[in-house]
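Working notes, structure below.
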Amino acid sequence: MADQWFTVGEIANTHGIRGELKIVPHTDFAERRFAPGSKLSIQKDGQQGAVLVEVQNARSHKNVYIVKLKGYENINDVEKFKGSLLKISAEQRDALDEGEFYYSDIIGSEVVTEDGERLGVVTEILRPGANDVWVVELESGKELLLPYIDDVVRKVNVRAKQITVRLLEGLL
């Protein structure tokens, strides 16, 4: 687990000329992840190595965070980070309460009915409004959209990566 990294944001662009970055958050804990003093790893897909950085300050602005990193004082210092991902190590993840889980715990989980029939695998989690919707790729290749509500999602076993569901009329 020590070599496991989790994405908490994506660097969309620079902001101004003083070395600030526009970050699209990929976490429910953005205010904590981008708080002053937070340690993050900047990683670019397909490239080796990472740059360890510390947040100097941050503010929320129109669904993104404007983040200033310690030691990066102008736009020329941070332009190279555009398109990179901000990650944290497994040890930096917060402990969750009973019945809570990270998206990474759910994506890739096998979905079965209460009768034991295998449906498919969760490939994505959507957040359209009142509740999350889990996208399940069925064995046939089609997608099933499962609302994350107690009537549908009956049991989540994170360790076994298995989700038990009750299919309500009209879902399949």
Side-chain angles (χ1 to χ4, degrees), residues 1-13 21-34 38-52 60 62-65 67 81-172:
M1 197 112 160
D3 292 314
Q4 201 169 9
W5 293 90
F6 297 94
T7 301
V8 294
E10 179 179 355
I11 301 173
N13 209 342
L21 295 166
K22 283 185 185 177
I23 310 296
V24 177
H26 291 254
T27 175
D28 285 337
F29 309 107
E31 62 284 341
R32 204 168 332 156
R33 293 291 168 229
F34 306 124
S38 293
K39 307 263 196 266
L40 301 168
S41 172
I42 298 176
Q43 300 178 15
K44 196 147 192 145
D45 277 346
Q47 291 185 1
Q48 290 282 27
V51 178
L52 298 177
S60 178
K62 296 183 181 179
N63 298 327
V64 298
Y65 275 77
V67 176
F81 297 139
K82 287 197 299 192
S84 298
L85 298 175
L86 290 170
K87 299 189 178 222
I88 60 169
S89 67
E91 293 81 29
Q92 291 174 280
R93 289 174 80 182
D94 296 329
L96 298 176
D97 293 332
E98 181 72 27
E100 294 182 330
F101 27 76
Y102 287 100
Y103 284 1
S104 59
D105 295 335
I106 299 305
I107 293 176
S109 293
E110 178 184 42
V111 179
V112 296
T113 65
E114 290 178 308
D115 300 330
E117 177 189 350
R118 184 180 190 284
L119 295 174
V121 174
V122 177
T123 58
E124 184 179 2
I125 297 176
L126 307 175
R127 300 184 72 183
N131 53 270
D132 290 353
V133 175
W134 295 355
V135 179
V136 178
E137 186 177 320
L138 301 173
E139 307 249 333
S140 65
K142 294 183 180 182
E143 289 184 340
L144 169 65
L145 301 178
L146 287 177
Y148 178 60
I149 56 176
D150 291 338
D151 288 344
V152 174
V153 179
R154 306 304 289 169
K155 183 179 176 190
V156 176
N157 185 334
V158 173
R159 284 199 193 324
K161 293 210 57 94
Q162 187 175 62
I163 299 165
T164 305
V165 299
R166 175 182 295 157
L167 293 177
L168 301 178
E169 189 174 329
L171 280 178
L172 196 56

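The shown structure was predicted, so the numbers you read here are calculated from the model rather than taken from an experiment.
Contact check for H26 versus F6: no side-chain heavy atoms found under the 4.5 Å cut-off. Between R166 and L171, every side-chain heavy-atom pair lies at or beyond the 4.5 Å cut-off. Between T27 and T7 there is no side-chain heavy-atom pair separated by less than 4.5 Å. Annotation: side chain of L40 is in contact with side chain of F34 (closest heavy-atom distance under 4.5 Å). For the pair I42 and L86, the minimum side-chain heavy-atom distance is below 4.5 Å. Between L145 and V135, the closest side-chain pair of non-hydrogen atoms falls below 4.5 Å. The shortest side-chain heavy-atom distance between D28 and R127 falls under the 4.5 Å cut-off. Under the 4.5 Å side-chain criterion, counting only non-hydrogen atoms from C-beta, R93 is in contact with S104.
In terms of heavy atoms, V24 sits closest to A12 at CG2-CB, 3.9 Å. When all heavy atoms are compared, the tightest approach of G9 to I23 is CA-CG2, 4.1 Å.
At least one donor-acceptor pair closer than 3.5 Å links the side chain of K161 to the backbone N or O of I107. Checking side-chain atoms of S38 against main-chain N and O of R32 turns up a donor-acceptor pair under 3.5 Å.
For the side chain to side chain contact (heavy atoms under 4.5 Å, CB included) criterion with V136, the lone passing option out of T123, L146, V165 is L146.
Counted within 6.0 Å of NZ on K82, heavy atoms from surrounding residues, nucleotides or ligands total more than 12; the atom is thus considered enclosed.
Ring orientation note: the planes of W134 and Y148 are close to parallel, at an angle under 30° on the 30°/60° scale.
Of the inter-residue distances, the one linking R33 atom CZ with Q92 atom CD reads 6.5 Å to the nearest 0.5 angstrom.
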